[in-house]
There are 2 protein chains.
Amino acid sequence: MAKSDAATPRERYRAQVRAEIKQHAWEQIATAGASALSLNAIAKRMGVSGPALYRYFAGRDELITELIRDAYRSLADAVHAAAVTGADPAALAHVLRDWALADPHRYFLIYGTPVPGYHAPDEITGISQEIMADLLTAWTAFEPDVPASPFAAHLADHRDWAGDHPAPPGVLRRALAFWTRLHGVLSLELAGHFTGMGFDPALLFRAELDGLVGREG
Amino acid sequence: MAKSDAATPRERYRAQVRAEIKQHAWEQIATAGASALSLNAIAKRMGVSGPALYRYFAGRDELITELIRDAYRSLADAVHAAAVTGADPAALAHVLRDWALADPHRYFLIYGTPVPGYHAPDEITGISQEIMADLLTAWTAFEPDVPASPFAAHLADHRDWAGDHPAPPGVLRRALAFWTRLHGVLSLELAGHFTGMGFDPALLFRAELDGLVGREG
DNA sequence: CGCGAGGAGTTACAACTTCTAACGAACGCA
DNA sequence: TGCGTTCGTTAGAAGTTGTAACTCCTCGCG
């Protein structure tokens, strides 16, 4: 909502229509999932005829790519907003969970089954690294002296993903476990694999989190 | 391959054609993913015309449901085959990983983004419980006296998913963590979220597994 | 202020998809 | 040797994505 006054009226109009298309796309995804996203349906809802949308997006793939980018951006912003207030890992975990529960389809757009031909552009790996950086910073502040393990040593030797963040090996390991373990619980919960199992997914999430921050889970 | 000699020649033929359809479906899924599965393409490959397949499957959804069921069955069989030889949790973990790596799309068919309208039939939840039972048995044999935690107590009170398996609370907790943590690593690896990060996913998997079986990861 | 260029939206169409309906032919059981 | 079930076919409806060609409006420049 910042650089909307680009230059020419045409560009402003174009940006506005693109945003409107994306909004309708999100509504459609939120109700029926990404696989059910239909350009025709969006056009019909906007009171415009099918091929008109091709002025704004080269095709379904480009629209989805844009939505994935926006989803990453939204998650990175949510995490960063909490991180700048000095949130500890536990707080970040709940930011992540709240963000995921707010729109499961959006979470799956990022972390779900990959789209067959799609390959993430560099911009997205950049956003992904932003999230990682906030995670590493929070973990460094929370517990800088994690005892190193053999795998932590391996991470210290292969830290491309950490950019130039000065987190020690043990913290790298913690941040990675934070990501994979919480994703494990979240994705199974959102996919409905816990329904009918009886226990409370929120408590499982909390237990895994407690295990990560030191308390026994 | 057991009860193929059902009764009438027609039934045998029917079962054979259904199997052939599913085999082509698997090949198609393995190369392009489940979302790209096309009945028409299968028909063309079989040298038969489109609507002919509808004699064998009510529609795309029924075919996919059947494939999901087969995938579950395959995983349960793989786990069970290892379990009956007395495999410990670590061995089961590698069975799981090998099974997933052998055909990532098959793994995502089970644990990936849920299909919009699809709801798992009871048969599948049954197979899911078979897997859980083997897991619980392996964990019980490996480490029967896990110290209980608050969440383990919660699990002991909500053990619908464990059937009537006599695993103690601590083991329930371990088996659940086994599932969610390894899925966290596996799904991110298979979805390609580790590519370009530098470290070795196999080592991460091993590290998480080591954490579960007691050794420090 | 007026006019030309370019962008927006339109319809028409091609090539797909799933899936239904109606028909002929082949197969197996009695 | 029939006769009925089931198979596979073609035709077609209702979708989808995406291209091509055409009209019309609007913006910006002289």
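As the structure is a computational prediction, the values presented were derived from the model and not from experiment. By convention in this document, chain letters (A, B, ...) are assigned in the order of the sequence lines, proteins followed by strands, and residues within each chain are numbered from 1.
We find that CG of B:Leu39 is positioned 14 Å from C1' of C:dT20, with the value rounded to whole Å. Computed from coordinates, the B:Ile21 CD1 to D:dC7 C1' distance equals 12 Å when rounded to whole Å. Separating the OH atom of B:Tyr13 from the P atom of C:dG28 is a distance of 11 Å, rounded to the nearest angstrom. One can place CD1 of B:Ile42 at 15 Å from C1' of C:dC19, the figure rounded to the nearest angstrom. For the pair A:Glu11 CD and C:dG6 P, the computed distance is 15 Å after rounding to whole Å. Rounding to whole angstrom units, CD of residue B:Glu20 and C1' of D:dC7 are separated by 15 Å.
Taking 4.0 angstrom as the limit, A:Ser38 places a side-chain polar atom (N or O) nearer than this to OP1 or OP2 of D:dT17. Proximity of B:Arg14 to the phosphate of D:dT6: no side-chain N or O atom is located under 4.0 Å from OP1 or OP2.
Each of D:dT16, D:dC7, D:dT5 was ranked by its minimum atom distance to the side chain of A:Asn40; first place goes to D:dT16.
Remark: A:Ser49, A:Pro51, A:Ala52, A:Arg55, A:Tyr56 in residues 49-66 of chain A come within less than 4.0 Å of DNA chain C through at least one heavy atom.
Between A:His154 and B:Phe199, a ring centre-to-centre spacing not shorter than 6.0 Å is recorded.
We find that A:Glu130 and A:Arg73 are joined by a salt bridge, their nearest charged nitrogen and carboxylate oxygen being less than 4.0 Å apart.
Taken from CG in A:Leu203 to CD in A:Glu208, the straight-line distance is 12.5 Å, to the nearest 0.5 Å.
Note on B:Val48: only backbone sugar-phosphate atoms sit closer than 4.0 angstrom, heavy atoms only; bases stay farther off.
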